[in-house]
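Residue numbering restarts at 1 for every chain, and letters A, B, ... go by the order of the sequence lines. These numbers were taken from a predicted model, which means no experiment stands behind them. The figures here come from the full heavy-atom set of this structure, side chains too, leaving out hydrogens, waters and symmetry mates.
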Amino acid sequence: MMASSYNAKEEDGHHSGASSGAGAAKNRKPDNTAFKQQRLPAWQPILTAGSVLPAFFVIGLIFIPIGIGLYVTSNNIREFEIDYTGESSNSPCYSCAKNVTWNSTEPCFCTVNFTLERPFESNVFMYYGLSNFYQNHRRYVKSRDDRQLNGDPSSLRNPSKECEPYRTSGDLPIAPCGAIANSLFNDSLVLYYIDSNNSQSEVPLVKKGIAWWTDKHVKFKNPGGNSNLTAAFQGTAKPVNWRKAVYELDPSDPENNGFINEDFIVWMRTAALPTFRKLYRIIQKKPGATPTLPSGNYVLHITYNYPVLSFDGRKRMILSTISWMGGKNPFLGIAYITVGSICFFLGVVLLIIHHKYDNRNTSADIPS
Amino acid sequence: PCPANEVFIPPKFCDNRIVSSKYTVWNFLPKNLFEQFRRIANFYFLIIFLVQVIVDTPTSPVTSGLPLFFVITVTAIKQGYEDWLRHKADNEVNKYRVTVLEDGRRIRKESEKIKVGDVLEVEENETFPCDLILLQSSRDDGTCFVTTASLDGESNHKTHYTVPDTESDVESLNATIECEQPQPDLYKFVGRMHIYKNNEEPVLRSLGPENLLLKGATLKNTQRICGVAVYTGMETKMALNYQGKSQKRSVVEKSINAFLLVYLCILVSKALVCTTLKYVWQSKPGQDEPWYNEKTKKEKETNLYLNMFTDFLSFMVLFNFIIPVSMYVTVEMQKFLGSFFISWDKDFFDSEIKEGALVNTSDLNEELGQVEYVFTDKTGTLTQNNMEFIECCIDGHQYKYRDASSEVDGFCVTDGPVNRLQQKAGREREELFLRALCLCHTVQVKESTEQEVVPPPEEQRGFIASSPDEIALVKGAMRYGFTFLGLESKTMKLLNRNNDVEIYDLLHVLNFDPVRRRMSVIVRSKSGDTLLFCKGADSSIFPRVRQEEVERIRMHVERNAKEGYRTLCVAYKYLSEEEYVQVDSGLREARLALQDREQKLMAVYNQVETGMNLIGATAVEDRLQEEAAATMEALQGAGMKIWVLTGDKMETAKSTCYACRLFQRNTELLELTVRTLEFIGKRREDQLHDLLLEYHKKTNLSSLYCRSWSTQDYGFIVDGATLSMVLNSSSENNTNNYKNLFLQICQNCTTVLCCRMAPLQKAQIVKMVKNSKGSPITLSVGDGANDVSMILEAHVGIGIKGKEGRQAVRNSDYAIPKLKHLKKLLLAHGHLYYVRIAHLVQYFFYKNLCFILPQFLYQFFCGYSQQPLYDAAYLTMYNICFTSMPILAYSLLEQHISIEILLDNATLYREIGKNAMLRWGPFLYWTLLGVFHGLVFFFGVWFLFSNPALQDNGQVFGNWSYGTIVFTILVFTVTLKLALDTRHWTWINHFVIWGSLAFYVFFSFFWGGVIWPFMSQQRLYFVFANMLSSVSAWLVIIMLILLSLLPEILYVVLHKPRAPHARQSSTGGLQSPRSSARPLLMRTFSDESNTVI
C-alpha cells in the first residue's frame, strides 16, 4: 500500500558510553543517544499515486462483492410490518386507540388481519415498533436505578433521586422506579394462523432469548433471589402506570419474573432513535421442511393497553427473519457497493494521473 | 557621625528591601488562583465547571473539573517553585552585608536594613546596595569609576564625582540633602545639599546625576567610597526600572486564540440553535411532556426563561468538549519537552566552553521556524571578539608579526607595496610607537591574588580592560619587546627591549568616549619630559595631526580597514612645562565645574589633542566566527533578511559583511551615512531627503521589474547619526514619511548594515521592523550587554555564549555557543518545531470538532434534551487517554523532512514562512475535514440504526450501543488520520499509535465488563462486547473509517506530488550534494576574488 524507505540512521548510541565514563559528571556534553539526537531509526512511508493505487483497486475489489453479498442477504430477509395504532377510523383498533387511557381498568381487545404473501423460513422474530417515542430523551434515559435493578436491597427501599418523579408512590418506594420502567410497553400480541379451512391456530411464541444474556443474568437481579418475589418486593409499590406488580410480570416462570423478566429488560435498554423496534417474541423454526410461518392469512390479537396517540406516536408489529448481519437493512449493502465503486473509480483516476505525472516527470528531468 | 539626616529619618521612607517575588506563603493560594483564572481559557473552564455544579447538566462536573484541577495544580506548583527561587534571590540581595558608618564606627549590616541617610562604605567591585550620593572617594581627585552594565548594558567605566567640600572629612560633615521624588530616569537627578559648618552660613551645593551612584552599578578602579543613601529599596532607580522580562508570545499562540474564538462561536451558535429548536419542538402538543416522561415538580415550577437559560448552559456544557482543556496541557507539554531536544543536541555542544545550547523559554520553539528578519551584532557574534594584533605601521612602514620568523626582535618587514623605499623606520620611532602602545590605555595588570568574576581565556590572562582591543595592543607591544608591568599609584612601569624598567608618572587620562573616538594619556617620563599619547579612530586623529604625516599612514589604515581589521592611529605630542600647567589647570577646573562639566572637559580635551605627531597605526583583527559566512548564506537562502547592527565603524563593519558574504561583488551598496550626507551646498536634511527618495526609487524599481534574485542585489548602509536623523526628524510628518521610506528601502535590500549604533538604537530598529506592515517575525543575535535591548525587543532573542559576559545569555530566549549553531537551530529545529506544533494545534481542533459534531447532531433525534451520545467515561477519556498520546508523540518526534535535508536545502524554510500552516486556509481545510468526519460518523451509524436489530439472534441495540459505535469509529479514524500524517515512524510512534488503539479496545472491554459499584448507572455494561459480536457493526465501522480517510489519502496523494520527488533526489545520495554544492562553490570563488576591491 505504501512505498516505504526504511531509513535506519546510524545508531551511534553505544559509543557514548565509553567516552562519558571519566569526567562525565563535570562534562555537560549532551548524551549522544539516538533519541536525544532525534536520530531514532524510523520508517518513512510515502504515499504516492503509484503506491496508493493498487490499494484502491484492492479495496474496490473487496468492497463491491461484500456489498453485493450484503445487499442480497438483506433482500432475502423476509420482513412484514403492520401498523396497528388505530388512528384512522377504518382501522380495527380505532376504538381502542380512542378509549384507552392509563385509568381504564378494562383491557381493550382488537384484532388485525393480514396476509403473508411468501412463507417465512427459519426463525422468525416478532418485534413491536414505536414511533415518535423519545426513549432517548435525557430526562427519560437517566430515570432509572441500576442498583435497584441489580437487586440491591437498600436501593429497593430507597431508590435513586434520578427516578423522580417516578420514585415514590405515596410513602412507598416504587420498584422498579423511574420513567423507563413506568412506561413499560404492555400491549400483548398473539398471532394466529388461519389455515385453509378457516380455523385459527395459535402460533407458538417464545418469550425467552429476547434480552441480552448479560443483562438477564448479571445486570438485572431480583432482590433476595428469584424465589418468593412477593416477599422480596414487600413494602414497595408498583409503578404508577402498571396494572400489576413487578413480581406478577410472569408468574408462570420464576426465571422470567420480577426484574429479570425479559420483556422488562428489553424495554429497559433505551432505544437510540425515536423510531425504534424492540424484540418481542421469537417464533422457533419448526422441525422439518415446513416454513416457520407459511404464506397465508394471519390474525393478530392485540390487548391494547398502551396509548400512543397523545404524543402522536405509532405502534407497529414486525415479523422478520434474521440473517448473519441482523435484520433487514439495505443500507450496508448499498454503502459497501458505493464505497467500493468510489475506490475503484479513484483507482482508475489515480492510474491516469500516475501515468501522466510520470511522463511529465521524466520529460522534465531530461533537460536539467 | 552623620547627624545630617536626623530630621529626615521619619518612617516615610521605605526600607532597602527589594521584593521581586509575587507571593508570600499566606497569599499564595488566593493570589495565584486569581492570576490563573485571569487567563481566558482557565476562566472559561471554570465557568463550565461551575455551570455543571449548579445546573442540572447532562455530564457530571467531574468530566471537566478533574482536568481543570489538574492543570491548575500543575501550574500552581510551577509558579510556586519559581517564586520560591525569586524569594531566594531576593534574600541573597537583602541579606547582603554592607558597611555602614555610624558614630565613627564601621558596622556590618544587612543590606535590607539600610535607611535613607545612612552613610555607607563601598569597596571596589562591590555593587551599590542603594542609590548613594558620593561623599568621599579614595581617589585623590574626588572621582570614582563605575560600570552600569547591569543597568543599561554599557560596560565602559563612567566617572562620578564627589560633592565638592564634603570630600575632606566625612566624619565631621554636617549636612542635609533635599532631593526630588524618586523617578525612574537613570540619567536625571536633581537635588541640593546644605552643608553646615561650625556656626557658618550653610553652604549650598547642587547635586546632579554625576554625584549619584545607582544601585546595581559596580565600583571599579576605586578602592573605596563613602556615600549617603538617598533612595532605598523599591524607590531606587533600578527598582523603578525593573520590569520582568516581558512575556513573549508566539504567533502560534495568537493563532490558537483566533481559532479558539472561532470554535467558541461555533459552540455558542450550536447551543443557541439547539435551545431555539428545543423550544420550537416543545411547543408542539405532546412533545414537551408526554405521559411516559413527566417532569419533576421542580422542573415544572421553574420559570420558562430561566429554563431557557439553563438549557442554553446545558448545551454549552454538552458541547464544551469542542474546546478541550487538554489542548493547553498538550501544547505546554509539547513545548516543554520539545525544548529539551535543543539542549540535548550534541551539534550545539562547544568543546571550548564545554557547554551546549541553553533554553531559557520554551514558549518560542516554533517561532524559530518563522523568522523573517535576523538582526545580528557584529563584534562577538559575526566575529569572535578575540582580538589579535596583526600588524602595525610606523611612519608608513609596515610591520607584520610572523610567528615563523626567526628574527631576534620579532620584527619583520613584509614586502608590501608601500614598503619600497626603506626596510624599517628608525629605531627611535619604533620605540616611541611601542611606548605609546604601552602607555596609552586603561589596561590594568591583574594581580594573581585577585579573583575576577570571569576568568579571562588563556592568552588574555594578566590584563584587564574594558575593551579587548586595548589588551590586544598591549600584547602586541609585548611581542615587540615592550611589556607593560602595571600601574601603581599613578606611576606606570614598563619593561623595554633591553629589559630595563621604565617608569612614567601618569598625570592625566583623557578617557575614551564614543563621540571623540579617541583617548589620550599625559605622562611624565623620568627624564622630565611631559608627553601626551593619543590613540583613536583614523577619522578623529587625522585632523589633529600634522598633515604631511597623514598620507603615508592613511594608505595602511584604509587597506587594513578593507581587510576587516580594526584600525587605530597613534599620535604623540611633547608638552612644554607651560603647556602642561595650562592643561592641568584646565582639566582640574573642568572636572570641578558644576555645570556643563562634560562640555567643558570636552573643550579642554579638544584643545590639548591638537597639533600632534602621527607615529603609526595598528591593525587588530577580530576574526570571523567559524562558518559565519556559510551560516549567513544559509539564512539568506532560507529567505531571511539579515541586518547587521553594530557599534563599530562603517569600514570595518562593511568588510565584515563582505567576509560573511552578506555583501557580494554585485551587490550595489546604498550608503546613508554622515559621509554621504555631507554634500556641498546642501543642508543635511535636504540631502537626507534626496538620498532617501533616490534609494527608494532604485530599490522599488528593482523589486517591481524583476523579482528573481539574479538581477540586482542591494545592500544598505546606515549609521547611527543618520538613523537618528531619520527617526527623529524635526517635523512630525517628515518623521513618518522618512520612516516609511527608510523601511521600504530596507525591506527591498538583501542586507542592511547599521553601524555606529547605540544599544538603544538597536532596539529601536528592531522595534521599527517588528511593527512594520505584516508584522514580520524578528530574531536578534548578540553576545554582549549592548545587545540586550535588541534581544529583549525581538520576537526571539538569541544569546551567544561569548566573551562579553553573560548578560546577553541571561536575557535571551535561547543561548548557543557559536553563531554557526544558528543554522541548525533555525533551519532544522525551528522548522520541525513549527510543523509539529502547527499540526498539533490543527489536529486538536479537528479531532474535537468531529468528536462533538455527532453529539450535536444527536440532539435533533433526542428531542433536544441534551442527551449525550457518548458515555461519560468516553467523554472524559477521549482527550486524556485515547487520542492524546499519539499526537504528543507526533509533535515531539515528527520529521516530515529529515534534518539533513533541512540543513542542505535552506529554501525549504520558506515554505513554512508567514505562519503558512496556521493560516485560515489550512484551518478551514481541517475544520471541513472535521465536519465531514462528524457527518460521516453520525449518519453512517444513523442509517444502520434504522433497523436496530443488528445481532444475528435478533436482539436490538440501544442508544449506548449507538454512541459506542460512533465513538469507536471516531477513535480509530482520528488516530489513523494521524498515522497517515506521520512521516517518521519511530518505535515510539508505533507503540503509541497502536498502543492507544489497543488501550481503547481494552478499556472498553474492561469498562463494560464489570458492574461498577460506585456508578449509579451501568450504561455501558457489555455494550462494547455485544457490539463486537455483531457483524454489521464491524462492517459499518470498517467502511466508515475507510470512507472518512479516503479524502485524506487523496489529498496527500494529489496535493504533494512534488514531495516524494524531492525526497528521492535527496536520498539518492550522489545526485543531491552535487547539485546543491555547485552554486555554493561558484559563489565562493567569485566572492573571494572580490572581497578586496
Verdict with supporting geometry, A:S320 and B:N947, side-chain contact (heavy atoms from CB on, under 4.5 Å): CA-CA 11 Å; A:S320 169; B:N947 183 351; 5.6 Å; no
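- At least one side-chain heavy atom of B:V1023 sits less than 4.5 Å from a side-chain heavy atom of A:R269.
- Residues A:L279 and B:G954 approach most closely at CD2-O, 3.6 Å, considering heavy atoms.
- Using a 4.5 Å cut-off between heavy atoms, A:Q148 does not touch chain B at all.
- Side-chain rings of B:W942 and A:F331 stay apart, their centers remaining 6.0 Å or farther from each other.
- Within 6.0 Å of CH2 in B:W1034 there are 12 or fewer heavy atoms belonging to other residues, nucleotides or ligands.
- Checked against A:Q44 for a side-chain hydrogen bond (donor to acceptor under 3.5 Å, both in side chains), the options B:H896, B:R983, B:Q895, B:H984 give a single hit: B:H984.
- Residue A:I318 does not touch chain B at all, counting heavy-atom pairs closer than 4.5 Å.
- Of the atoms belonging to A:R144, heavy atoms from both backbone and side chain fall under 4.5 Å from chain B.
- Closest non-hydrogen pair, A:R277 versus B:V956, comes out as O-CG1, 3.7 Å.
- Using bins of under 30°, 30° to 60° and over 60° for the plane-to-plane angle, the ring pair A:F311/B:W291 lands in the tilted bin.
- Contact of A:F125 with chain B is made through the side chain alone, with heavy-atom distances under 4.5 Å.
- Only the side chain of A:Y166 comes within contact range of chain B, with heavy atoms under 4.5 Å apart.
- Proximity to chain B is limited to the side chain of A:N150, based on heavy atoms less than 4.5 angstrom apart.
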side-chain contact (heavy atoms from CB on, under 4.5 Å) assessment of A:Q37 paired with B:D345: CA-CA 6 Å; A:Q37 300 306 323; B:D345 195 326; 3.5 Å; yes
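- More than 12 heavy atoms of other residues, nucleotides or ligands sit less than 6.0 Å from atom CZ of B:F860.
- If you measure heavy-atom distances from A:I180 to chain B, you find no contacts under 4.5 Å at all.
- Heavy atoms closer than 4.5 Å to chain B are found in the side chain of A:L346, but not in its backbone.
- With a 4.5 Å cut-off on side-chain heavy atoms, B:W985 and A:P45 count as touching.
- A heavy-atom distance below 4.5 Å is found between the side chains of B:I1038 and A:Y336.
- Heavy-atom distances place the side chain of A:N241, and not its backbone, under 4.5 Å from chain B.
- Here B:F957 and A:F276 keep their ring centres 6.0 angstrom or further from each other.
- For a residue to count as touching a neighbouring chain, one of its non-hydrogen atoms must lie under 4.5 Å from one of that chain's; by this rule A:V339 touches chain B with the side chain only.
- Both the backbone and the side chain of A:F35 come within less than 4.5 Å of a heavy atom of chain B.
- Remark: B:W987 CH2 is loosely packed, at most 12 non-hydrogen atoms of other residues, nucleotides or ligands lying under 6.0 Å away.
- Under a cut-off of 6.0 angstrom, the local environment of NZ in A:K208 is crowded, with over 12 non-hydrogen atoms contributed by other residues, nucleotides or ligands.
- Within the 4.5 Å cutoff, no side-chain heavy atoms of B:Q287 are placed close to those of A:D312.
- For A:Y280, no part lies near chain B; criterion is any non-hydrogen pair under 4.5 Å.
- Across B:S1032 and A:G326, no two heavy atoms sit closer than the pair OG-N, 4.5 Å.
- When heavy atoms are compared at a cutoff of 4.5 Å, A:A335 approaches chain B by way of both its backbone and its side chain.
- Between the CZ atom in A:R147 and the CD1 atom in B:I1011 there is a gap of 11.0 Å [rounded to 0.5 Å].
- Per-residue heavy-atom pair counts under 4.5 Å with chain A were compared for B:Y864, B:F348, B:Y858, and the maximum is reached by B:Y858.
- Heavy atoms of B:L944 lying under 4.5 Å from chain A belong to its backbone as well as its side chain.
- In plain terms, the two heavy atoms of B:F943 and A:N329 that are nearest each other are O-ND2, 3.4 Å.
- There is no contact between A:L149 and chain B, counting heavy-atom distances below 4.5 Å.
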Test log, rule side-chain contact (heavy atoms from CB on, under 4.5 Å), inputs B:M1039 and A:F63: CA-CA 9 Å; B:M1039 185 201 61; A:F63 270 37; 4.1 Å; yes
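- In terms of heavy atoms, B:S961 sits closest to A:W212 at OG-CH2, 3.7 Å.
- Atom CD of residue B:E294 and atom CD of residue A:E164 lie 12.0 Å apart, to the nearest 0.5 angstrom.
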A:T214 vs B:N1026, side-chain contact (heavy atoms from CB on, under 4.5 Å): CA-CA, chis, key distance, verdict: CA-CA 9 Å; A:T214 47; B:N1026 264 310; 4.2 Å; yes
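- The heavy-atom pair separating A:Q38 from B:I899 by the smallest distance is CB-CD1, 4.2 Å.
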